[in-house]
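Nothing here was measured: the structure is a model prediction, and the numbers come from that model.
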Amino acid sequence: MAIASPSTPTFSASFCCKRTVSTHLTRFPSTFSPTRTRHLPPRRFAISSRLNSSKSCGSVYPDNGGSEDFEHYELQHGFTGPVERRRRGSPVYVTLPAELVEEDGKVRRIKVLTASLRALVTAGVEGVVMEIWWGIVEREKPRVYNWGGYLDLVALARRCGLKVRAVLAFHQRGTGPGDPLCSVSCAVGILARSACLESAMCHTFWGTVLAAFFVPFPFDMPRVSLPQWVLEEIDKDPDIAYTDRFGRRNMEYISLGCDMFPVLKGRSPLQAYSDFMMNFRDTFRSLLGVVITGVQVGMGPAGELRYPSCPSQKLAWAWRTRELGEFQCYDKYMIASLNACAHDVGMREWGYGGPIGTVNPMHGPENTEFFKSNGGSWNTPFGKFFLQWYSGMLLLHGERICREAKTIFQGTEVDTSAKVAGIHWHYGMQSHPSELTAGYYNTSRRDGYLPIARMLGRYGFGLCCSGFGMRDVEEKKTNPVSSPEGFLKQLLLAARVCHIPIEGENSTTFLEDESFEQVLKMSKFYTYGLESPTFSFNFMRMDRYLFEQHKWVRFTRFVKQLSGANIFRARLDFGGDVQPTSMSDVVKVRAAYTYC
């Protein structure tokens, strides 16, 4: 058992990340990757010291890697500066149903989908988010790719005048908070209502269309596993999967401990991800930067840069159950890395496993030996060593993928991004336990998101995060230590400091005015004072409820408020470019497409 020793020397995290890490207080960095530089106006941040929501915590310092010219880093909820400049609006994208492309590569319900996309165009939506599943494209054999269904989806979006953001999903589908049961069944209904505003004659016509196509997608969403040949390798070597201290294996994503080992039929996982990205680039080359304007690279379960500290089907509701999660460091590859790091700092006894005393089934985390605020071992020499190693391995995994992606997509004019999980349900505790088990070394005494933002900034990546529609006032009714707003503000400030774009998301499908207003509030928090705002929003996700009359009205109003324009932007490729100028023109185009 690993036991903390009070007499052990201090150390830095450089031994695990193989990079120079400074523990000194430093000043905001002045330069970042030239690939994507977003200059902030000359100004000073004035930040309140309670961002981490722990009453006893003071200033938060970046005890992690980065520039040596940081002298002071105090996080705050608000900041002062010049009056906000007039800015352009932020584009809205809508995530498509996850089950649109079947395992055989075919697109489901193409006519209903077409009607749905046209409805999004009338609402002023900029584009759609399309998840591309590793378990579908490279399903049967390594290096044998089937992009057929996704090529069809991109072609359809292009005809409808929509941009596409591609999410390269290297995880299992059907278990994550971003993988709900989805449907696009009500799209034609809203089209009918819109058409009827133009002419009473259209009512009969669209009623006929409604009767013909108001058939929902099957409401059960099949799970898509990792590719079959990957599962075969996991059967041979179960340690390829993440493992907790009870020996439970998690099959959502390959353990980052074996990133560089040839465990997948002679290739490493990193090589498999790179080959997939290169084949995607070559297949869609003519569309990159034209229709496909963004690529989000998956880096963990649910596509997020994190450990599967608890199964994603539980994580979807973890903010209600206050799930602590388990450290995922017990496969042989992770243990070997931990053991080597412990040897490097001269503390061999620290290399045999993760911390003990992390769970108390009868009480909350304040009653656990590791996570409790006063005297918890998270703040002991062993706790600091382990958490630096654990978070450092996650950061190194993200950096490896970013480096590969930057090389692969360089010159294609697509924006690249990565996603961070919105884990907020213990944000008010000093130790932030559920963040620690997920791999984010973020506590009342340490900023865990700044190093991630710095890493993404070095490679020109944007940052995607969910939770934009959640409010503290609602969450604290059931969980006093939860703070989705506090977490999100800390992340957004880190993004501003590192000059990286933000892609906001909602955690679950919401269609209430209060949630939409919260998104607007948080978007303004990020874009305040920026001359060239780099915020966009991914609405999660298109389903049957989106097109219900009252919810559709709320959604379209929200799109106009966030985008700051009422411009109808679609250019439909129907026998040549067509630019509709009135609703009657749109109705004619819809009718033509419906019966083609």
Side-chain angles (χ1 to χ4, degrees), residues 2 16-18 103 133-145 168-176 223-277 279 297-313 325-343 351-354 386 389-390 392-401 404 437-439:
C16 22
C17 297
K18 305 301 180 188
E103 291 185 358
W133 298 95
W134 188 26
I136 290 179
V137 175
E138 198 180 356
R139 181 173 179 77
E140 298 298 336
K141 298 179 180 179
R143 295 192 180 94
V144 177
Y145 306 96
L168 305 183
F170 297 110
H171 61 283
Q172 176 180 281
R173 184 188 82 186
T175 60
R223 175 176 298 182
V224 173
S225 65
L226 299 178
Q228 292 299 315
W229 55 274
V230 173
L231 297 179
E232 292 171 4
E233 295 305 304
I234 294 178
D235 287 341
K236 298 175 187 176
D237 182 5
D239 284 289
I240 297 175
Y242 280 114
T243 309
D244 66 14
R245 64 194 175 107
F246 300 107
R248 295 175 296 198
R249 309 283 185 182
N250 187 293
M251 307 290 284
E252 295 180 60
Y253 188 79
I254 296 174
S255 170
L256 60 81
C258 56
D259 268 354
M260 308 299 290
F261 294 94
V263 296
L264 299 180
K265 297 187 181 297
R267 289 188 298 169
S268 69
L270 189 63
Q271 289 173 323
Y273 304 148
S274 297
D275 290 344
F276 187 91
M277 287 189 284
N279 199 269
V297 184
M299 298 184 180
E304 299 165 337
L305 180 61
R306 65 172 174 86
Y307 292 98
S309 48
C310 62
S312 289
Q313 64 267 29
E326 289 285 345
F327 290 108
Q328 303 291 311
C329 60
Y330 290 88
D331 62 77
K332 66 182 181 183
Y333 302 100
M334 292 291 284
I335 286 292
S337 173
L338 177 61
N339 190 273
C341 288
H343 181 271
Y352 300 118
F386 174 81
W389 167 80
Y390 190 67
M393 288 289 287
L394 183 68
L395 196 64
L396 182 60
H397 172 68
E399 184 155 17
R400 286 167 173 165
I401 295 180
E404 294 294 322
T437 57

Seminar exercise, completed: Residue set satisfying side-chain hydrogen bond (donor to acceptor under 3.5 Å, both in side chains) with S274, at least two apart, ordered chain then number -> E404
For the atom pair [atom1] ([X]) and [atom2] ([Y]), what is the distance rounded to the nearest 0.5 Å?
X: L168; Y: M299; atom1: CG; atom2: CE; result: 10.0 Å
X: I240; Y: L264; atom1: CD1; atom2: CG; result: 5.5 Å
X: R306; Y: T437; atom1: CZ; atom2: OG1; result: 9.5 Å
X: R400; Y: S268; atom1: CZ; atom2: OG; result: 9.0 Å
X: Y330; Y: L338; atom1: OH; atom2: CG; result: 8.5 Å
X: E232; Y: D237; atom1: CD; atom2: CG; result: 14.0 Å

For this session: Could you tell me how the ring of F386 sits relative to the ring of Y390: parallel (under 30°), tilted (30 to 60°) or perpendicular (over 60°)?
Result: parallel
For this session: Take the angle between the ring planes of W134 and W229 and call it parallel below 30°, perpendicular above 60°, tilted in between.
Result: perpendicular
Exercise. Do D259 and Y273 meet the criterion of a side-chain donor-acceptor pair at a distance under 3.5 Å?
Worked result: no
In the structure I gave you, are the side-chain heavy atoms of [X] and [Y] within less than 4.5 Å of one another anywhere?
X: S225; Y: L231; result: yes
X: Y307; Y: F327; result: no
X: H171; Y: E304; result: no
X: M334; Y: L256; result: yes
X: Q328; Y: P308; result: yes

Nearest heavy-atom neighbours spanning [X] and [Y]:
X: A241; Y: I234; answer: CB-CG2, 4.4 Å
X: D239; Y: S255; answer: O-CB, 4.3 Å
X: K265; Y: P142; answer: CD-CG, 3.9 Å
X: I254; Y: Y242; answer: O-CE1, 3.7 Å
X: S337; Y: W389; answer: OG-NE1, 3.0 Å

For this session: Verify the neighbour count for atom NZ of K141: are there more than 12 heavy atoms of other residues, nucleotides or ligands below 6.0 Å?
Result: no
Exercise. Taking E138 for the side chain and R143 for the main chain, is one N or O donor matched with an acceptor at less than 3.5 Å?
Worked result: yes
Problem set entry | Among W133, F276, Y253, the one residue meeting ring pair (Phe, Tyr, Trp, His ring centres under 6.0 Å) with F170 | F276
Problem set entry | side-chain contact (heavy atoms from CB on, under 4.5 Å) assessment of I401 paired with L270 | CA-CA 7 Å; I401 295 180; L270 189 63; 3.9 Å; yes
For this session: Check each of K332, R249, E326, R248 against T243 using the side chain to side chain donor-acceptor pair (under 3.5 Å) test, and report the only one that passes.
Result: R249
